[in-house]
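Report on the structure given below.
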Amino acid sequence: MGWGDIYKRRVRVFTMALIVYLDYKGVQQREKWTSKSRQAALWEKAHERNAKRVLNLIIEMEGLWVKLGQYMSTRADVLPAAYIRLLKQLQDSLPPRPLEEVYGTIQKELGKSMDELFADFVNEPLATASIAQVHRATLLNGLEVVVKVQHDGIKTIILEDLKNAKSIVDWIAWAEPQYNFNPMIDEWCKEAPKELDFNHEAENTRTVAKNLGCRNQYDGNMSANRVDVLIPDVIQSTEKVLVLEYMDGIRLNDLESLDAYGVDKQKLVEEITRAYAHQIYVDGFFNGDPHPGNFLVSKESPHRPILLDFGLTKKLSSTIKQALAKMFLASAEGDHVALLSAFAEMGLKLRLDIPEQAMEVTTVFFRATTPANEYHVSMPLAPEVYFGFFSFQTFNFSLIMVYFSVTKKTMKSLADQRDRNMKVIQEKMNLDKKEMKRFNPVDAFPGDIVIFGRVLNLLRGLSSTMNVRIVYMDIMRPFAESVLSGGTLARYISKGPSLNDRWIFDSPVHSDVESKLRQLLIEMGNNDKILGIQVQVVFLN
């Protein structure tokens, strides 16, 4: 791709971003002069119009923008229906590359002709994605495989797209300072190029399969933190070609086939969620791209999830992994001290002391999902919200994901919560309305947890798309607890009580309440159930 092509690509992307932004700003102004009965239609037309613009641009540009579109297409809990309906096309149905290009890459990478490599090679691809396309084939020894072939010249395109995305993020941060997505794009710039080396993906695939204890045969053995998923074996890899075991499965977006095979969608998504909880909290090594196109469902009972595509993975340090587990458990327990401690350990720094607001945001982040068929957009969304749909990844309290599509039952309570939080911040910082709009309460945001936030958002979108309700606090909790109970954070957890039966001093008991509280703490300590203890002393006159 020459400089002329690079320049044209850059102009197309920036022009479209500006058009979409100004369109929504215009709708926001027209809404003021539109009757309430016609406002919903006004916004629906804008969503349909701009979703088509975005889809057409992504298909034209391909590269990194396809991944962004795939991500957006899973966010049924965030984006209007028009975006979800149109962008779903990007999950696995991009236009295929010419066979001459595919054959040339395979033969160059593997050093043999097609006849020397395969007894049969299906020319029609199973799927075409942003970086590569996948073909079914049979090796000379009769083994059925899939062959993943990287698009010619895609490396140059991806790197250019990252530069453009970085420039757009900088522009948004300048135009709307409260929406600073630099931590997210910086992490993507670091991680995305790794997807271009299929040797790296092959090693990631082997590592995750080993960590999850994947077996080709269902043995019915399900220990507390054992997950029951399948991952294809790696047969061969080079930088641009990856050969994997073929697994026959049903696509997640093929709801008709899932029903025909009697697949329990609730159980299916719960097992996928458990698999990711294991990767994140137990292994500290997880797939960062769980969109529907990267899963299959085995046709044989018990219809296990098949995990695919480990090009984008994230390895967490022991400190970050334990801090994430601590953040989750602190949110579950409502422990403000432990939550702020977890933030400090992971490197997340706030510009002011707002523990209650931090707890509310974290609780919203780990809230149970809502099936897509229960969502109702009961108020139009401001254009800047669409640019900020991953706002938690910048921990922007002023947005707090409240104006996203939520059920009518919870809309008012979340809106009230957002208003309260903004008022607290405004009072603490002594800001006027204009200053408040441009204020970002985050002083430092760790790039290590950007992919973590993306994964949870994708899983949330997946469960919404599948119309199931996932209670993260129940499913993920055992995995988070296993990290702290077996790790080095003894000062934060109840290992002390297990090793020292006098961890509660034998001070005199003055009331029945104190006696019962002492007994409860002893029982919880002996069962390793204590994350931390807060003591409040109240003096009464």
Side-chain angles (χ1 to χ4, degrees), residues 223-225 274 277 280-282 318-346 348-350 352-368 397 400 410 413-414 416-417 420-421 424 428 470-541:
S223 59
N225 287 349
R274 294 181 76 253
I280 292 168
Y281 294 117
V282 178
S318 178
T319 299
I320 293 294
K321 182 178 72 171
Q322 291 166 341
L324 289 174
K326 186 176 178 181
M327 178 179 73
F328 178 90
L329 294 174
S331 176
E333 297 293 337
D335 189 333
H336 296 76
V337 174
L339 179 65
L340 295 181
S341 175
F343 286 173
E345 290 164 20
M346 66 178 67
L348 197 159
K349 299 179 181 179
L350 306 179
L352 68 167
D353 183 21
I354 44 175
E356 292 184 1
Q357 286 67 39
M359 178 62 71
E360 287 182 354
V361 171
T362 308
T363 302
V364 168
F365 190 57
F366 289 117
R367 73 193 186 280
F397 290 96
I400 205 173
T410 58
S413 63
L414 286 176
D416 290 343
Q417 176 180 313
R420 289 196 306 270
N421 291 339
V424 168
K428 281 181 175 286
I470 299 298
V471 183
Y472 290 113
M473 290 296 182
D474 293 341
I475 295 176
M476 291 185 160
R477 182 164 188 152
F479 299 94
E481 288 178 336
S482 70
V483 176
L484 296 184
S485 63
T488 59
L489 295 183
R491 62 189 181 277
Y492 299 126
I493 60 174
S494 53
K495 269 300 184 193
S498 302
L499 303 176
N500 178 12
D501 59 1
R502 296 185 61 82
W503 68 285
I504 293 183
F505 295 112
D506 291 329
S507 55
V509 176
H510 297 289
S511 68
D512 289 340
V513 173
E514 185 177 347
S515 176
K516 292 178 181 179
L517 178 60
R518 180 191 296 273
Q519 184 59 37
L520 176 63
L521 291 175
I522 291 174
E523 291 175 0
M524 293 178 66
N526 290 339
N527 292 324
D528 289 341
K529 295 296 185 182
I530 293 180
L531 177 68
I533 299 174
Q534 296 182 49
V535 178
Q536 181 178 11
V537 179
V538 179
F539 294 96
L540 300 176
N541 293 327

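Excluded from the calculations below are hydrogen atoms, water molecules and symmetry mates; all remaining heavy atoms, backbone and side chain alike, are included. This chain uses plain numbering: 1 for the first residue, then up along the sequence.
For F366, the ring pair (Phe, Tyr, Trp, His ring centres under 6.0 Å) criterion is met by F328, not counting sequence neighbours. Checked against side chain to side chain contact (heavy atoms under 4.5 Å, CB included), A277 has the following partners two or more places apart in sequence or in another chain: Y281, M476, F479.
Across every non-hydrogen atom of L484 and Q322, the tightest pair is CD2-O, 3.8 Å. The two residues M359 and S331 come nearest to each other via the heavy atoms SD-CA, 3.8 Å. In plain terms, the two heavy atoms of M346 and A323 that are nearest each other are CE-O, 3.8 Å. In plain terms, the two heavy atoms of L339 and A330 that are nearest each other are N-CB, 3.5 Å.
Taking CG from L329 and CG from L324, the interatomic distance works out to 11.0 Å, rounded to the nearest 0.5 Å. L340 contributes atom CG, which lies 12.0 Å from atom CE of M327 (distance to the nearest 0.5 angstrom).
Between the side chain of K321 and the backbone N or O of V282, at least one donor-acceptor pair lies under 3.5 Å.
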